[in-house]
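Below is one structure, written out as structure tokens; comments come after it.
Note that the structure is a prediction, hence the values are computed from the model and not measured.
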Amino acid sequence: MLSLFPSSLQELDAKIVLDVLIQHLGYYDDLRVKLEKQGGELSDLNRIADALSREFMITDRFGDGLQVSLIQPELLQQAVFLAVAEDVHLAVRQTEAGMPVYYLCRIHRDFWSEYSLIVEDLYRSPGYPSLDERFVKLMVGGHERYHLRISQFRRALAKLLLNQNETSEKKVDEILYNAGRHIYQAAWHEDQLPAVLCATHFSLPKFKQAVELLYVCLSGELCELRGMIDDNLLQFFKKIDPQPAIAGLLRVLAVTEGSTINEISEKALKLYTRLNKAFGRFLRIDVIWGERQLPVPLYKLVFANFSRLNLVSSALKKNDSLSLATTQLETEASAIIDEIVKR
């Protein structure tokens with residue numbers, strides 16, 4: 001069984017150890033969200049201020065305690081480290097209204113890959129800012145670094161294993177790690193952000209699948225991946241994170257001779273160029289925009305509105321040019337997927 005954490009910490013349950021912090025965060029966020037959605041009075045602001053400044057004790061793994069409050073992020077992070085060591089990270093951000101929001105997560109530090117993996121969300125404030133759910137920036141060693149967030153699959157995976165009479169948290173960690181290490185490390189990259197945002201907001205599921213499939217073929221170790229294919233990995237991409245294209249690649253790899261695996265990468269390189277050109281054509285289409293109803297290239301709207309692309313897509317919902325371009329890009333993406341997964 002793969003062990004993700006030092007043996008001295010194996011028995012620690014971070015949710016139990018940090019329960020007082022998680023409860024305090026939940027109490028504060030309840031007050032904050034109520035104020036943001038329903039409005040309030042000065043007394044509501046006073047309660048929020050009290051929740052932020054009120055001190056509470058976090059007991060570390062040596063039995064000592066540290067008095068902290070939510071307005072002391074550095075002290076909070078120190079207390080979390082002393083309680084459960086460096087595998088748990090607390091991040092603090094601000095909403096557009098200037099209110100603090102919190103993200104407490106458990107990390108597997110993958111020193112052999114570009115990104116470390118977030119394997120469990122211990123607490124995440126409602127409204128915690130995120131452009132792309134696949135990535136979270138965390139401050140590590142004085143520098144902000146991207147982490148792959150695969151924790152969104154944890155609950156569904158645990159439920160699937162429970163139905164199979166397998167309830168071990170370590171087993172959940174192991175499957176998440178294998179999917180992250182051998183698939184997502186290659187499939188996901190921050191330079192995909194424009195493509196992924198367009199796929200999300202302009203309803204381009206085949207395009208997103210094609211992007212991630214080609215990245216696996218070009219960046220992944222296909223020979224190593226072939227040796228890791230088992231029923232758990234196949235079920236993961238069938239039921240937990242349904243990815244027909246990646247699941248198709250796994251089936252192809254399982255029956256491919258080792259001497260011919262390089263042919264998949266060579267083909268993917270040509271197909272990547274083809275998909276990139278198709279996406280370029282999609283971004284260059286003119287759409288009618290603004291009060292003056294003038295034609296504007298789509299790429300100008302996309303790159304100027306990353307954080308509110310949902311509003312752009314909603315405004316263009318009935319645009320005939322965009323509808324046609326979406327169909328064309330999806331058709332091309334589907335054909336590219338078939339080039340890889342159909343034998």
Side-chain angles (χ1 to χ4, degrees), residues 14 18 21-40 44-45 48-49 51-53 68-77 80 88-108 114-155 180 184 187-202 208 211-212 241 301-315:
L18 297 174
L21 171 60
I22 292 170
Q23 287 194 32
H24 209 82
L25 290 170
Y27 172 71
Y28 157 70
D29 277 326
D30 285 343
L31 295 174
R32 176 183 62 83
V33 171
K34 182 180 178 182
L35 180 67
E36 289 174 349
K37 291 185 175 180
Q38 301 177 14
D44 297 302
L45 289 173
I48 290 175
L52 287 169
S53 60
V68 298
S69 71
L70 296 184
I71 57 174
Q72 299 171 300
E74 292 184 0
L75 191 61
L76 263 180
Q77 289 161 347
V80 168
V88 174
H89 189 94
L90 177 67
V92 185
R93 293 287 188 268
Q94 281 188 336
T95 64
E96 291 184 358
M99 302 292 285
V101 284
Y102 302 85
Y103 183 40
L104 184 67
C105 58
R106 186 160 60 88
I107 297 170
H108 169 59
E114 184 171 359
Y115 305 105
S116 289
L117 306 170
I118 296 175
V119 295
E120 184 173 11
D121 293 342
L122 300 173
Y123 185 84
R124 194 180 191 204
S125 289
Y128 188 88
S130 175
L131 270 180
D132 186 346
E133 287 294 310
R134 306 175 308 162
F135 288 96
V136 176
K137 268 188 175 182
L138 299 177
M139 186 68 71
V140 178
H143 301 281
E144 279 199 325
R145 297 178 182 175
Y146 276 111
H147 291 61
L148 293 189
R149 180 174 173 262
I150 56 176
S151 52
Q152 64 263 43
F153 307 124
R154 188 177 191 88
R155 183 174 297 178
Y184 292 122
W188 293 353
H189 199 277
E190 64 261 32
D191 65 7
Q192 299 169 346
L193 183 59
V196 169
L197 287 178
C198 284
T200 300
H201 295 292
F202 296 121
K208 182 174 181 291
V211 169
E212 295 186 352
D241 181 21
L301 300 179
V302 168
F303 289 104
N305 295 279
F306 265 10
S307 62
R308 48 185 182 272
L309 205 52
N310 59 319
L311 301 178
V312 174
S313 63
S314 178

query: Ignoring hydrogens and geometry, is there a side-chain-to-backbone donor-acceptor pair from Gln192 to Ala187 under 3.5 Å?
result: yes
- prompt: Any side-chain heavy-atom pair from Tyr123 and Asp29 closer than 4.5 angstrom?
  reply: yes
- line: Between Asp121 and the options Arg149, Arg155, Arg154, the salt bridge (Lys or Arg N to Asp or Glu O under 4.0 Å) test singles out Arg149
message: I'd like to know if the side chain of Gln77 reaches the main chain of Leu90, judged simply by a donor and an acceptor atom lying under 3.5 Å from each other, with no hydrogens or angles considered.
response: yes
message: Is the shortest side-chain heavy-atom distance between His147 and Tyr115 below 4.5 Å?
response: no
- request: Evaluate the ring planes of Tyr28 and Tyr102, with Trp represented by its six-membered ring, and classify them as parallel (under 30°), tilted (30 to 60°) or perpendicular (over 60°).
  value: perpendicular
message: Counting C-beta onward and ignoring hydrogens, is there a side-chain heavy-atom pair between Leu148 and Phe135 closer than 4.5 Å?
response: yes
- request: Measure the shortest side-chain to side-chain distance between Val302 and Cys198 over non-hydrogen atoms and say whether it is less than 4.5 angstrom.
  value: yes
query: Is it true that Arg124 and Glu133 make a salt bridge, defined as a side-chain N closer than 4.0 Å to a carboxylate O?
result: yes
- prompt: Do side-chain atoms of Arg134 reach the backbone of Tyr184 as a donor and acceptor pair under 3.5 angstrom?
  reply: no
task: Could you tell me how the ring of Phe153 sits relative to the ring of Trp188: parallel (under 30°), tilted (30 to 60°) or perpendicular (over 60°)?
output: tilted
- prompt: Does the Ser314 side chain pair with the main chain of Asn310, one donor and one acceptor, at a distance under 3.5 Å?
  reply: no
- prompt: Are the side chains of Ser116 and Leu138 in touch, meaning some heavy atoms are under 4.5 Å apart?
  reply: no
